[in-house]
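Input: a single structure, listed below in structure tokens.
We name chains A, B, ... by the order of the sequence lines, and we start the count at 1 in each one. Treat the numbers as computed from the prediction; the structure is a model and nothing was measured.
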Amino acid sequence: MLRVIRLYFRFLGLHLRALLEYQSDFWVMAVATVLMQVVNLVFLSAVFAKVPALNGWSFWAVVAMFAMMAIAEGVGSFFFEGTWRLSIAINEGTLDYALVRPYPVVLQVTSMEVGINGLTNIVTGGAMLVVALSRVDVAWSALTVLLAVVLLLGAVFIKVAINLATNSISFWLSGPSPMFAMAVHQVGELARFPLSIYPLALKATLGFVVPFAFISTFPISFLMDAGSTPWLGLLTPLVAVYCVAVALVVFSRGLRRYESAGN
Amino acid sequence: MALVEARRLTKVFRRPDKPPGLAGSLRHLVSRKYVEKVAVDGVDLSIEAGEAVAYVGPNGAGKSTTVKLLSGILEPTSGEVRIDGMVPQRERMAVAHRIGVLFGQRTQLWWDLPVADSLAVLRDLYGVDRATYEKRLKRFDDVLGTGELMAVTGRKLSLGQRMRADLAAALIHGPDVVYLDEPTIGLDLAVKDRVREFFRDLRDEGTTVMLTSHDLADIEGFCKRLVIIDEGRLVFDGDLEAVKDEFARERILHVSTEQRVASDVVRDALPGAVVTAGETPLWHTIRFDRFALTAGQAVAAVSGVATVVDFRIDEPGIEDVIRRVYSGDLLLTSDSAL
């Protein structure tokens with residue numbers, strides 16, 4: 001296990017080193033992602049300038065939800081960006097060598113690339129989360145801090161697992177771009193906002209079918225003890241385990257369909 | 001049980017049957033049609049530890065697909081593979097330490113890294129200790145001259161350099177079964193010689209090697225055993241030398257004479273041989289069975305009808321035999337001794 005993790009960071013390090021060769025790219029990316037978060041905040045403040053609360057959720061509560069999503073996406077792109085390269089690898093048949101090495105194939109795939117924008121998303125998301133959580137009404141104690149960390153980890157793994165599962169669909173679709181995963185990701189963006197503002201069909205989709213709401217609404221709702229079902233947030237780690245398990249099953253089923261290239 | 005065992009190994013690919021052009025692609029969206037292509041068809045193969053096997057066949061015969069099935073990259077449609085009793089598709093980790101795979105068409109080196117870094121990553125991946133690693137590197141350098149490549153970035157390697165570095169990458173963990181798929185493709189002659197010498201060393205050390213190649217010079221002097229695949233089926237599995245003795249019996253004598261001689265005259269002097277006109281009117285081409293006639297007898301017979309000025313003899317290699325198998329005018333039957 002330790003060996004697997006050590007090697008994982010080794011792989012990421014290789015790509016990071018290669019990336020840092022292009023310094024200007026790094027700074028452009030960094031500035032672009034920071035700017036995106038700023039735009040998000042400006043948009044939110046514009047909305048909240050007109051309405052005092054969104055279905056009972058304050059400005060800072062929604063910022064916290066945005067922040068959770070940003071961190072989850074950030075971890076997804078910084079540590080698991082390779083997931084998004086799966087479809088092209090399948091299409092071009094470049095997984096061959098990964099399949100004959102003594103290291104989990106799925107982790108070789110997810111570490112194929114480093115998304116440097118993930119780093120800025122983690123930093124800005126983290127800052128947003130800390131500020132937002134200090135402005136909302138949370139009964140802080142050692143236990144809530146611990147729970148907050150657990151929920152955050154759960155949220156991150158849910159996002160990573162959804163990325164993996166949806167990208168693994170490429171084993172069946174075999175086109176060169178991850179269109180299905182992109183589409184699901186776009187739907188997931190809706191989960192930045194509190195789930196309660198959406199109609200039932202969307203609630204069911206984001207809360208149950210593809211549980212994006214467990215990345216943002218539910219954990220924040222639990223921490224603030226607000227909303228209609230705050231206890232749901234406590235299920236986040238379980239949902240994360242479930243999502244990771246499903247993603248791994250989809251991936252390994254898909255891998256059996258891998259056809260390489262050159263036939 | 002043999003080290004590598006394939007039983008009734010079959011791989012069927014399903015390909016969309018698209019009419020040509022954009023219109024065809026659009027039509028395919030609505031009514032999906034597929035064609036099935038049987039790439040590997042019921043292949044039985046067993047390779048003993050330490051054996052060197054040449055696996056040949058024309059383009060698209062299923063060579064690479066077989067290698068990918070044997071190394072666990074592809075899932076067989078039916079049948080199974082075992083490497084030392086393990087199914088590579090199921091016991092990937094354990095099998096990975098035992099096998100080394102090289103696809104000549106594709107590199108496993110990291111594009112942005114110097115070769116030394118790529119090899120170091122593989123060392124850690126396979127858990128090779130430093131001393132063994134250094135020893136292997138030294139050997140690769142001795143035979144393949146990889147030392148000078150260590151500082152070169154993956155993308156800057158020439159094809160020949162890349163292949164040498166890739167060979168080192170495929171063998172850095174000291175596998176006991178090695179699949180080499182077209183390992184000399186695109187290499188110039190000097191590098192080819194070097195690589196071939198390396199393969200012989202590998203074989204002599206007792207590594208089990210399966211080599212697929214288009215270039216039959218790769219296999220001559222390397223493998224004892226020849227396996228031929230055509231259209232997904234094994235058409236021959238047996239001893240390479242025996243095949244040569246049995247089917248490469250023909251010799252071709254090119255002879256030039258001082259004066260012009262009609263082919264018929266030469267033909268009459270050489271019953272049992274096939275005489276045709278050569279490249280110029282002074283030359284004749286004579287094909288004969290080396291067991292029915294010696295080259296000396298053939299030359300002597302021509303001397304009887306005209307003054308021989310010059311001659312040369314073509315000795316067919318295994319290429320000709322295999323070419324005839326491919327083109328369908330020679331049907332080899334598998335050697336039951338193996």
### Query
Would you call B:Glu91-B:Arg98 a salt bridge at under 4.0 Å N-O?
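Result for this pair is no, no salt bridge flagged.
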
### Message
Is B:Ala120 in contact with chain A via its backbone, its side chain, both, or neither, using a 4.5 Å heavy-atom distance?
### Response
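It is both, since atoms from each part get that close.
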
### Task
Can you tell which part of B:Leu125 gets under 4.5 Å to a heavy atom of chain A, answering side chain, backbone, both or neither?
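Both parts, backbone and side chain.
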
Which one of [options] has the most heavy-atom pairs closer than 4.5 Å to chain A?
{"options": "B:His97, B:Arg106, B:His173", "answer": "B:Arg106"}
{"options": "B:Leu122, B:Asp112, B:Leu113", "answer": "B:Leu113"}
{"options": "B:Val95, B:Thr107, B:Ile99", "answer": "B:Thr107"}

Under 4.5 Å heavy-atom distance to chain B, tell me which part of [X] shows up: side chain, backbone, both or neither.
{"X": "A:Gln108", "answer": "neither"}
{"X": "A:Arg6", "answer": "neither"}
{"X": "A:Arg10", "answer": "side chain"}

#### Entry: Geometric cation-pi criterion, B:Arg15 with B:Phe13: 6.0 Å, 45°
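Yes.
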
### Query
Does A:Phe171 have A:Arg257 sitting over its ring (NZ/CZ under 6.0 Å from centre, angle to axis within 45°)?
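No; the conditions do not both hold, so A:Arg257 does not lie above the ring face of A:Phe171.
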
### Message
Donor-acceptor check, side chain of B:Arg92 to backbone of B:Gly72, threshold 3.5 angstrom: yes or no?
### Response
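Yes, the answer is positive, given that a donor and an acceptor are paired below the 3.5 Å cut-off.
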
### Query
Should we count CZ of A:Phe157 as having more than 12 external heavy atoms under 6.0 Å?
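It does not: A:Phe157 CZ has 12 such atoms or fewer within range.
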
#### Entry: Check against side-chain hydrogen bond (donor to acceptor under 3.5 Å, both in side chains), A:Thr33 and A:Asn121
CA-CA 6 Å; A:Thr33 37; A:Asn121 264 334; 5.3 Å; no

### Message
Could you check whether A:Tyr97 and B:Phe103 have their ring centres less than 6.0 Å apart?
### Response
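Close enough - the centres of the two rings lie under 6.0 Å apart.
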
### Message
Tell me which of these, A:Val105, A:Leu7, A:Asp96, has more heavy-atom pairs under 4.5 Å with chain B than the rest.
### Response
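Among A:Val105, A:Leu7, A:Asp96, the one with the most close pairs to chain B is A:Asp96.
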
